Each structure stands twice: as structure tokens, then as C-alpha cells.
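These numbers were taken from a predicted model, which means no experiment stands behind them. Proteins come first, then strands; the chains are lettered A, B, ... in the order of their sequence lines, and each starts at number 1.
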Amino acid sequence: MAKRSLSVSLRQTGPIPLDVDFACDPGDVLAIFGPSGSGKTTILRAIAGLYRPTQASVRSGAETWTDTAAATFAPPHRRAVGFVFQEYALFPHLTAAGNVIAALGHRPRAERQTRAEALLNLVHLAGKMSQRPHELSGGERQRVALARALAREPAVLLLDEPFAAVDRTVRRRLQDEIDGLRRTLDIPLVLVTHDFEDVVRLATHVLILEQGRTVASGPVTALMSRPDLSWLREAVGLGTVFDAIVARTLPGRGLVELTFDGGALLAAHRDVTMGTRVRVRIPAREVILATREPEGLSLHNVLSGTISTIHADPAFDHVIVQIAVGRVLLLAEVTRDTIGRLDLVIGKHVHALIKSVSVDLLTVQTGHSTNGR
Amino acid sequence: MMDWRALNVSLSLGIGTVVLLLPCGVWLGHALAARRFRGKSFVEALVAVPLILPPTVLGFYLLVAFGSRSPLGAAFESIAGQALAFSFPGLLLASAIANIPFVVQPIQRGFEAIPPDVRDAAACCGLTPWQRFLRIEVPLAWPSILTAAILTFAHTLGEFGVVLMVGGNLPGETRTLSVAIYDRMQAFDDRGAGIMAATLLVIAVVTLTATTMLSRRAGPRRG
């Protein structure tokens, strides 16, 4: 299968207002984030051909799926789309394997059973082949839906609120599995969510939607380093997000050493193997600033950098300081008093102090051999 | 005593009506549930007309339409060489028309009960509209289709007004069991009427029991 990027442009004034343009490359995860009613699901439906906006263009690689200007509209069954619906939408009269086989129409009949088994294996449902949806738990239904979506060998995978209906532990595990799939599938993945945790954990890119319009978009790490997004501050609290590699594990001390574009960092964590890529999140509230390198402290991490932005939003008591540490833009939330006391100005050299327990490791992949996490 | 020929006419009419009407009912019920088109409300109203019209009124209009002076009646006569009115084929057609709501409405509800996401998911699985219909929608609406078939059969056995108006009372041709019962009562043959009434009662109970059992067996398939 040739690598195909997805490019989407949708515009209409009603009944659901839409005004978005975006693209998603193979291997990337674009999260469409916004409150309910902002038009997120409509965007997915428009990509799949289940909805036809007034003005739309949807392209997958060289194929045009929708182009209202040229009156082109491929029906959903002619689009190589994998769609995981919010309530899974499994076929209740078919078994787990039957649900997957339904999407294997493009394969020779003799291959379908084996292929369905392989796909259900991939989502860790080997023992549930002949169960019907009502005999499965929420998380298991979700996996069947995922296997069914992958069965078609889609050129784009669409996920509508994939974790809304499962509990926290299952959620974590599914997020890790989807993150693993992203790495192996190499197709564009578009995810709709109203929970920013999903964005931070899974997405490479994010599009913030409000009443059908793009409010902000870009790579997650860049967006999370912006000090001026007040909605983000209210929704999740600010925090820097960046990717790092596990350079060393120190099991005796309960720590791992991470390297990133800007230095090294110790995080309190045990269950990671060396060499894995991890996503790191450091809440802005947990970062302490010092103008001189301190001594005799219990904390592990002292990162040096220069102040790149100081953002004081009148709506908030605290000030957000952005520090360039190598290529990572670290955010620190401090009081107005601190700014004056330490004489913090743009360009000043500072030290950011971070406890190893404040470093969150988000998507932790322990390789392909494990089942579950 | 028992009028076996009347029983035969009744059962043939019941089965014939189901066979004739069910494919049309599945098609129309699906169209009304799944599609949006202009004049849909009018079609729905038209489907329900036999439900509210007195059987004698419906029978009257059908009789007029079947007569040799109407285009339909004349066409049938020239093809089949016999009149449509007061014949079994005419009775069958009248019965099918009178039963349209009993077939279409439950089937339409059955298709409507399929969640829209399930339909959409089928399309996203690469299934063509025809494959979606056969492999997803019909199996999911199956209990409703079965209910419609059995209701129609039972209702045809009991139909009286339309039968009498369109079919008359020709032994072995258009005299159904329910008409035969009326006939016997008129002739003060209480015993004969009683036997035939009991026969209809047994058939009704058996079909309804079968419906309940079958729909219960089909029930757990829906998750």
C-alpha cells in the first residue's frame, strides 16, 4: 500500500457550521479536540462519506473522495476508511469474528476466517472469536470495532471518542495499543475527543475546534508550549509536552534517565525498557525557577535555559514563563511577585528545577511482545 | 359439520397473501425506514388507510376496481379468461391490499430500530447497499418480518367484510371459513358454526404461540 496523506477542507454555514482545513500524514495522529456540539463527529463523517457538507474536498493520496466543486462524491463503501464509532456500532447478530469478516469483502473468501483471527489476535481478543457483542465487555467491544476498522486495510483510520465509554484502566491500555498500532500501520489517524488527556497521550498533531472553526492547530508539543492559550489552562492546566528516549534505567533507585532535545532528565518510573520513546509531560505548576544553580536539594533535575516569553494573562493571578531548554520550550507557572523579585525578563538565563516525580511519562510502550500494555 | 373446502380456501388465502405481500412489504418497509423522499408522509398515510377504513368500504372500492368495466378488471379478464371479481385471484389481491398495513408497519418499525451507526458502520466496512440490506439489515429486522408474516396470516383467516364484498360466497372458490361460519349461523346450524369457530380459534392460538416462541428465539441475537 502506497503511503497516502489525508487532506480535508470543509466549509458550510449550516445546519452544522464548519470551517476547517487540515492534512494528516501517514504515521501521524491528528486529534480533533473540542466541546460536544463543536462539529467534531461531523468532520469524521464527512471524511468517511457519511455526510456531505455544502463545500467539501476530501483527498486520500491521489484519490479524490469528495470534491463538491467537481460534483465528485464516492459513497462510503468505496472509500478505504476504517471508522471506529463512539458506541462501536458492532453488528449485534454476528460474532466478534463475523463482525471482522464483514469488513473483509475485498479478500478471497478462503482467507477471511484466518485474517479475522489474526486481526482479533492483534487486539488481544484471541479467545473471544465466537462471542457476540452483548457477551463482551465495553473494552472488548472497542477492540472488535478496532479490528473491524483495520480489516479493510484502510488508507485512513477514524476514531470517534474511542475512550468515552471505557473506564480509566482500560482507557490507558487502549491508548497504548492505539499508539502501538500507529507506529506499525503507517496511515493517517484522525481521532475525535473532548478529553485533553487523549490528545496529550496519543496525538502528534491537534486541531482545536469551536463551533466548527479551527481555533488553534499544529504539533501537540508546539501547542503545549504556548503560554497564551487560556482555554487550555482552564481545561487541563498548562504543561510542557515533549518526546524523549529512555537512555538508562536505574531500577535500584526507581528512576529512569531520559534524553531529549535539550539535555537529560530523571523521572521516577520503573517499568520501561531502554531505548523506548516516551512522551513526557511536565506541569507548569511543578517547575521552580532559580537564577543561580542551587545546591543541597532533594530534587534530581536542574535544566538551564533562557527565558523566551513571559505571558501575564489578566484573567489569571499567575504568570507563565516560557524557557528555551535546547529545543524544548518549558513552561513554568509562577506568581507575579516572583517575576519582580527574581527580575525575570526575556533573554535572562535561569535554572528550572523539577522533581523526578513531577515528570509524567505518558505513552509508555514496552515493545511488541507484551499483551495488554 | 366442518366445511373442509372452506378451511382449504382460508389456508390458501392466508399463505398466498403472505407470499405475495411479504417481499413487497420488506421492500416498502425498508424504503420508508431508511430513505427520505418527497411524499413519504403521503405514502405512509396510504399504507395505513386499510387499517382505518371499514372493511365493507374497502371491499366496495376493490369490487368496483375489479369489475369488468374497470381497466384492471378488463385487463385481467383478457389475460386470464375469467373475471377478477368473485374469484380466488381477486380475493387474493383484495386480501393483499387489505393487509398492507399489517405487513409494512411492523417491518418499517423493525428497520427503524436498527441504530443509524450500525448502518453507517456497515457502509464503512465496504459493504454495498445490497450487501448491507441482506447481511445486516434483514437479519436484524428478522423478528419484525416474522411477526408481520404471522400477523398477516392470522388476520387473513379472520377477514370477513372484504372477503364477502369482493369474493362473495362461492363454495370452494371464495367461501372462507369465517364466511362459512356466518353462513351456518344463518342456517341455524350452531354445531357446524361452533366446530369451525373452534378450528379458527385453535389456528389463532397456535400461530400466536409460534410467533412468541420464534421472536423469543430471535430475541437474544440482538445485543
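Only the side chain of A:R45 comes within less than 4.5 Å of a heavy atom in chain B; its backbone stays farther off. Proximity to chain A is absent for every atom of B:R119, based on heavy atoms less than 4.5 angstrom apart. For A:L158, no part lies near chain B; criterion is any non-hydrogen pair under 4.5 Å.
Atoms SG and CG, from B:C125 and A:N99 in turn, are 7.5 Å apart once rounded to the nearest 0.5 Å. Here the NE2-CD distance, from A:H77 to B:Q131, works out to 8.5 Å after rounding to the nearest 0.5 Å. Here CZ of A:F83 is found 7.5 Å from CG of B:D120. Values are rounded to the nearest 0.5 Å. For the atom pair CG (A:D160) and CG (B:D117), the distance works out to 8.0 Å, reported to the nearest 0.5 Å.
Counting non-hydrogen atoms of other residues, nucleotides and ligands closer than 6.0 Å to OH of B:Y61 gives a total of 12 or fewer. In this structure, A:Q211 places its CD atom where only 12 or fewer heavy-atom neighbours from other residues, nucleotides or ligands lie under 6.0 Å away. Annotation for B:F37: atom CZ counts as buried by contact number, over 12 foreign heavy atoms lying within 6.0 Å. The neighbour count for A:F73 CZ, taken as heavy atoms of other residues, nucleotides or ligands under 6.0 Å away, is above 12. The neighbour count for B:F60 CZ, taken as heavy atoms of other residues, nucleotides or ligands under 6.0 Å away, does not exceed 12.
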Kindly indicate, with the supporting measurements, whether the criterion side-chain contact (heavy atoms from CB on, under 4.5 Å) is fulfilled by A:L94 and B:I136.
CA-CA 9 Å; A:L94 299 176; B:I136 307 297; 4.3 Å; yes
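Among the candidates A:A48, A:A102, A:G105, A:G49, the residue making the largest number of heavy-atom pairs closer than 4.5 Å to chain B is A:A102.
At least one donor-acceptor pair closer than 3.5 Å links the side chain of A:R152 to the backbone N or O of B:C124. Looking only at distances, a side-chain donor or acceptor of A:H93 sits under 3.5 Å from a matching main-chain atom of B:R135.
Side-chain contact between A:F91 and B:P139: absent, with no pair of heavy atoms (C-beta onward) separated by less than 4.5 Å.
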